[in-house]
Amino acid sequence: MRYISTRGHATALSFNEALLVGLASDGGLYVPAAWPKLSFGEIRSFRGKPYAEVAFAVMSPFVGGEIDDVDLQQMIEEAYATFHHPAVTPLVQMGPNDWLLELYHGPTLAFKDLAMQILARLMDHVLTERGERIMIAGATSGDTGGAALEAFKTCDGIETFFMFPDGKVSDFQRRQMTTVGADNCHALAIDGSFDDCQTMVKDMFANQAFASRVKLSAVNSINWGRVMAQVVYYFTAATALGAPEQKVSFTVPTGNFGDIYAGYVAKQMGLPIDRLVIATNENDILARTLATGNDKLGSVKATITPSMDIQISSNFERLLFEAAGRDPTIVRDLMAALKHDHNYSLPDEMIKFIRDSFDAGAVSEVETVDEVARIFRDTGYIADPHTAIAVKVAHDYADPEVPMVTLSTAHPAKFPDTVHDATGKTAHPPVWGDIPRERSESVAYLANDRACVEEYMLKHSRLGLEAYQSHTA
Ligand SMILES: *Cc1c(COP(=O)(O)O)cnc(C)c1O
């Protein structure tokens, strides 16, 4: 399988190469040159199969034989064995044809675990085969850091550093990052804001001398490996509810558009998905784009659903590429307009293409809290606020004839304040996800200063300075 850039100027890559580079050199995102198709019979055979078996069947066409089948199977087994539910992503019935797909049974209670756990293993495997080592740098406002550090702790060839704004993540989120207990995983508390952390990571990549010396890499949501992993649960959920004989719809709490785009990929592979419904918070740029065809950037508003506080949804570019009939010149023009004029207008046929598969709805702050309360009142279920947003939008688009699956992306214990405000209840983490108070924290407190953080990274890399020196020699 070859991977091509949505902007058409970067060289096509193999799966393994696309896995390691993330962003394409022309600023575009990698997508498969053609969609692999699964037959009606193959999809039907997924019903009742263990998650890992379906995962192998869905992922292997994308890997295209570049990783040995036995190795791939074993990595998938190990990745999903870290989940604390036999179904990995169980369905919970909320009403007639109304389902929740719980994506939060992984080690950090976040849906990000589903992709990170396999991505880490795949990257480490490819690097080990090549005899290479890399360093990963990331910035987190709370959620992604924990999932990434936890996933990469088993990777011998990868040294991972995550920066977070000191004092501005929750206690639980900080402790998830600082108690990983692996000497290749580092949590860095920066004296600054999340934006400062993000800017610092960008500047590190721009600092060629440092970036090439340590082989700096990222694990953001545009990495094809992450998208691929997320395709799997659309298949397990839909087949459990009667696909491929029965159509199924999905509603997804959306930020960077990675999760819902994976649903679109499942549809391209042959899964009979009826509607894909985008749910956003007050950062409703995607809902407005679908309604008007105009994508106009504003400033990001901080909400009680921080994982959806995004203006530019990076993975949306992959959908634009399809809507443009895979013409990279159209994508380049749209992205240039977005960069220079902070908005673009989609041609009618592109809007129509997107509306053929997608709907969208936005939910305000007040409505979010009300919905967490309503769900608890009506069903006794405690939903995290991201999930509640999707549940509310799902009800607006529900078709009584078609099962609607709403993706539940976080355990409510990760957002205790909102849950308590809405329900009067304290959402406790499950026993396995809790972090005992006595577990010691390992964290470095660093100034908001790129050179100082880079020096720390070089000094504290388990591989030692020499490893990086010999690399560039
Ligand atoms: C990351 C995240 C999302 C958004 O997923 P995207 O793939 O970025 O659209 C939604 N909810 C939670 C809890 C998340 O952590």
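We use all heavy atoms of the structure for the numbers below, so side chains are in, but hydrogens, waters and symmetry mates are not. Every number for a ligand or one of its atoms is a count from 1 in the order of the listing.
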**Student:** With side chain to side chain contact (heavy atoms under 4.5 Å, CB included) as the criterion, how do Thr239 and Ile43 come out once you've worked through the C-alpha distance, each side chain's angles and the decisive distance to 0.1 Å?
**Tutor:** CA-CA 7 Å; Thr239 52; Ile43 295 172; 3.7 Å; yes
**Student:** Below 4.0 angstrom from a heavy atom of Gly258, which ligand 1 atoms are there? Numbered from 1 as shown, please.
**Tutor:**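 Close to Gly258: 6 (P), 7 (O), 9 (O).
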**Student:** Looking only at protein heavy atoms, identify the closest one to atom 6 (P) of ligand 1 and say how far it is in Å.
**Tutor:**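 Of the protein heavy atoms, Asn256 N, 3.5 Å lies nearest.
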**Student:** Got the closest protein heavy atom to atom 2 (C) of ligand 1, with its distance?
**Tutor:**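 Among all protein heavy atoms, the one nearest atom 2 (C) of ligand 1 is Lys112 NZ, 2.5 Å.
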**Student:** Indicate whether the side chain of Asn315 and that of Arg318 have a donor and an acceptor atom separated by less than 3.5 Å.
**Tutor:**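 Yes, side-chain donor-acceptor contact under 3.5 Å.
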**Student:** Determine whether any heavy atom of Ala110 lies closer than 4.0 Å to an atom of ligand 1.
**Tutor:**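 The answer is no, since Ala110 has no heavy atom less than 4.0 Å from ligand 1.
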**Student:** Tell me: protein heavy atom nearest atom 11 (N) of ligand 1, and distance?
**Tutor:**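 Its nearest protein heavy-atom neighbour is Thr409 OG1, 2.9 Å.
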**Student:** Would you kindly say whether Asp196 and Ser193 are connected by a side-chain donor-acceptor distance under 3.5 Å?
**Tutor:**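 Their side chains do contain a donor-acceptor pair, which is all the 3.5 Å distance test asks for.
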**Student:** At what distance is the nearest protein heavy atom to atom 4 (C) of ligand 1, and which residue and atom is it?
**Tutor:**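 I find the closest protein heavy atom is Gly255 N, 3.6 Å.
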**Student:** Please state which part of Asp259 comes within less than 4.0 Å of ligand 1, counting heavy atoms only: side chain, backbone, both or neither.
**Tutor:**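 It is both backbone and side chain that touch ligand 1.
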**Student:** What is the closest protein heavy atom to atom 5 (O) of ligand 1, and at what distance does it sit?
**Tutor:**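 Here the nearest protein heavy atom works out to Phe111 CE2, 3.6 Å.
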**Student:** Looking at side-chain heavy atoms only, is the closest gap between Asp399 and Met404 below 4.5 Å?
**Tutor:**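 Sidechains of Met404 and Asp399: no contact.
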**Student:** Any sub-3.5 Å donor-acceptor pair from Asp384's side-chain atoms to Phe415's backbone N or O?
**Tutor:**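 Not at all, since once roles are kept as given, no pair shorter than 3.5 Å links the two residues.
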**Student:** As an exercise, identify every atom of ligand 1 less than 4.0 angstrom from a heavy atom of Pro253.
**Tutor:**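 By the 4.0 Å cutoff, the relevant atoms are 4 (C), 10 (C).
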**Student:** Give the ring-plane orientation class for Phe358 versus Phe257, where under 30° counts as parallel, over 60° as perpendicular and anything between as tilted.
**Tutor:**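 Correct class here is tilted.
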